[in-house]
Amino acid sequence: MRFVKGHGTENDFVILPDPDGVLDLTPRAVARLCDRRAGIGADGVLRVVRTKAAGDPAIEAMAGRAEWFMDYRNADGGIAEMCGNGARVFARYLVDSGLAAPGEWDLATRAGPRRVTLGSSGDVSVDMGPPEYLGTGHASISGHQYTGERISMGNPHLACAIDEPLSGLDLTRPPSYDPAQFPDGVNVEFYRAIGERHLEMRVYERGSGETRSCGTGTVAAVAAASHQARGTSRTARPGQVEEWTVDVPGGRVHVTLDGTTGHLRGPAVLVAEGEIFLDRITGP
């Protein structure tokens with residue numbers, strides 16, 4: 001089976017071309033592909049399939065708007081609704097492989113269509129949709145509790161502002177949280193302001209552990225920080241544009257909030273391609 005390896009600010013993915021939707025991609029196969037010793041190694045898998053062949057009526061209904069469906073799986077094999085860094089890498093793959101032209105067009109995702117903008121090289125921008133504010137929540141690490149903003153970016157987030165340096169956080173184990181608030185799990189972000197509209201962030205992603213970057217997480221962190229800065233006003237007025245910079249362990253991305261939607265811009269790099277013997281890594 002052919003594969004391509006890529007990353008967006010070191011949030012890395014195995015890309016599997018499957019245009020006609022014939023691949024039986026089991027959770028075990030995904031987990032083994034993402035294993036950094038027994039497989040290729042990645043934070044997740046991006047299956048590249050034509051929207052009309054997705055095998056899901058809700059996805060196939062987007063075929064008139066988006067030719068390609070980003071079938072994203074977390075490293076543990078679980079299905080996820082959306083991945084911002086993955087969308088950028090997915091779009092770069094389509095252009096570099098000749099399956100799409102540089103410009104502006106939609107991708108189908110489980111969170112709905114997402115518009116991407118990219119040239120033949122350079123950064124990729126994704127319309128991430130509007131952050132949905134759901135109230136406050138709490139996460140605990142090593143006995144310390146942090147209060148955060150519950151935000152949906154098509155997938156669940158808990159974005160927690162902290163004052164201490166992020167390097168002191170132990171994210172080798174998942175933060176604890178209220179499962180009643182997050183029955184499907186949650187991505188937990190910890191962020192700190194280091195300048196005007198400038199954050200640093202670390203994240204523990206459900207199904208993947210701590211990753212070097214999380215695209216939906218950076219937008220959630222910015223949305224939470226913006227909400228804090230505005231006080232009682234949750235969202236920017238339409239036309240009121242806020243430009244933010246977010247530093248993550250894997251690099252730097254830029255987030256724009258305009259009162260209607262959020263945009264994520266950053267690098268997307270393809271680093272290798274080859275052949276994977278899927279039967280050998282999954283076993284009998």
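As a basis for the values below, the full set of heavy atoms in this structure was taken, side chains included, without hydrogen atoms, waters or symmetry mates.
Closest non-hydrogen pair, Y191 versus A225, comes out as OH-N, 3.5 Å. The two residues P130 and T261 come nearest to each other via the heavy atoms N-OG1, 3.8 Å. Smallest separation of non-hydrogen atoms from R92 and A268: CG-O, 3.7 Å.
Here the straight-line distance linking atom CD1 of I79 with atom OH of Y72 works out to 12.0 Å at 0.5 Å rounding. Residue L171 holds its CG atom at 4.5 Å from CZ of R202, rounded to the nearest 0.5 Å. Taking CG from L107 and CZ from R88, the interatomic distance works out to 12.5 Å, rounded to the nearest 0.5 Å. Taking CG from L257 and NE2 from H227, the interatomic distance works out to 12.5 Å, rounded to the nearest 0.5 Å. Summarising the geometry, atom OG belonging to S125 is positioned 11.0 Å from atom NE2 belonging to H254; distances are rounded to the nearest 0.5 Å.
Residues M153 and Y133 share a hydrophobic cluster, clusters being chains of Ile/Leu/Val/Met/Phe/Trp/Tyr side chains in contact below 4.5 Å. V269 and V4 are not part of a single hydrophobic cluster, where members link through side-chain heavy atoms under 4.5 Å apart. Transitive grouping of hydrophobic side chains (ILVMFWY, heavy atoms separated by less than 4.5 Å) brings M70 and L270 into a common cluster. Under the 4.5 Å side-chain heavy-atom criterion for Ile, Leu, Val, Met, Phe, Trp and Tyr, F182 and I141 are members of the same hydrophobic cluster. Both I281 and V14 are members of a single hydrophobic cluster when ILVMFWY side chains are connected at heavy-atom separations under 4.5 Å.
In this structure a side-chain-to-backbone donor-acceptor pair under 3.5 Å is missing from R150 to L158. Between the R212 side chain and the P249 main chain, a donor and an acceptor come within less than 3.5 Å of each other. With T109 contributing its side chain and G112 its backbone, the two residues share a donor-acceptor pair below 3.5 Å. Side-chain atoms of E149 do not come within 3.5 Å of backbone N or O of T136 as any donor-acceptor pair. R206 places no side-chain N or O within 3.5 Å of a backbone atom of P156 that could act as its donor or acceptor partner. The backbone N or O of Y93 lies less than 3.5 Å from a partner atom in the side chain of S97, making a donor-acceptor pair.
Checked against side-chain hydrogen bond (donor to acceptor under 3.5 Å, both in side chains), E132 has no partners two or more places apart in sequence or in another chain. Under the side chain to side chain contact (heavy atoms under 4.5 Å, CB included) criterion, A91 pairs with W105, V116, L118, V124, sequence neighbours left out. For Y146, the side-chain hydrogen bond (donor to acceptor under 3.5 Å, both in side chains) partners are E164, not counting sequence neighbours. Residues satisfying the side chain to side chain contact (heavy atoms under 4.5 Å, CB included) test with E104, not counting sequence neighbours, are R115, T117.
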Extract all donor-acceptor atom pairs below 3.5 Å that involve side chains of residues 42-65 and protein atoms in other chains or at least two apart in sequence.
from: D43; atom 1: OD1; to: R36; atom 2: NH2; distance (Å): 3.2
from: D43; atom 1: OD2; to: N11; atom 2: ND2; distance (Å): 2.9
from: D43; atom 1: OD2; to: D12; atom 2: N; distance (Å): 3.2
from: R47; atom 1: NE; to: D71; atom 2: OD2; distance (Å): 2.7
from: R47; atom 1: NH1; to: D18; atom 2: OD2; distance (Å): 2.7
from: R47; atom 1: NH2; to: D71; atom 2: OD2; distance (Å): 3.2
from: T51; atom 1: OG1; to: A66; atom 2: O; distance (Å): 2.8
from: T51; atom 1: OG1; to: E67; atom 2: O; distance (Å): 3.2
from: T51; atom 1: OG1; to: W68; atom 2: N; distance (Å): 3.3
from: T51; atom 1: OG1; to: W68; atom 2: O; distance (Å): 3.4
from: T51; atom 1: OG1; to: F69; atom 2: N; distance (Å): 3.4
from: D56; atom 1: OD1; to: A58; atom 2: N; distance (Å): 2.9
from: E60; atom 1: OE2; to: G55; atom 2: N; distance (Å): 2.8
from: R65; atom 1: NE; to: D106; atom 2: OD2; distance (Å): 2.6

- Query: Does the side chain to side chain contact (heavy atoms under 4.5 Å, CB included) test come out yes or no for R252 and H198, once each step is laid out?
  - Reply: CA-CA 10 Å; R252 173 174 288 181; H198 190 176; 3.6 Å; yes

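Within 6.0 Å of the CZ atom in R2, the count of heavy atoms belonging to other residues, nucleotides or ligands exceeds 12. Heavy-atom contacts from other residues, nucleotides or ligands closer than 6.0 Å to CD of E196 number 12 or fewer.
Other residues sharing the hydrophobic cluster of V22, ordered by chain and number and joined by side-chain separations under 4.5 Å: none, the residue standing alone.
Under a 4.0 Å N-O distance rule, the pair E81/R114 does not qualify as a salt bridge. With respect to the salt-bridge test (charged N to carboxylate O, under 4.0 angstrom), the residues K5 and E273 do not qualify.
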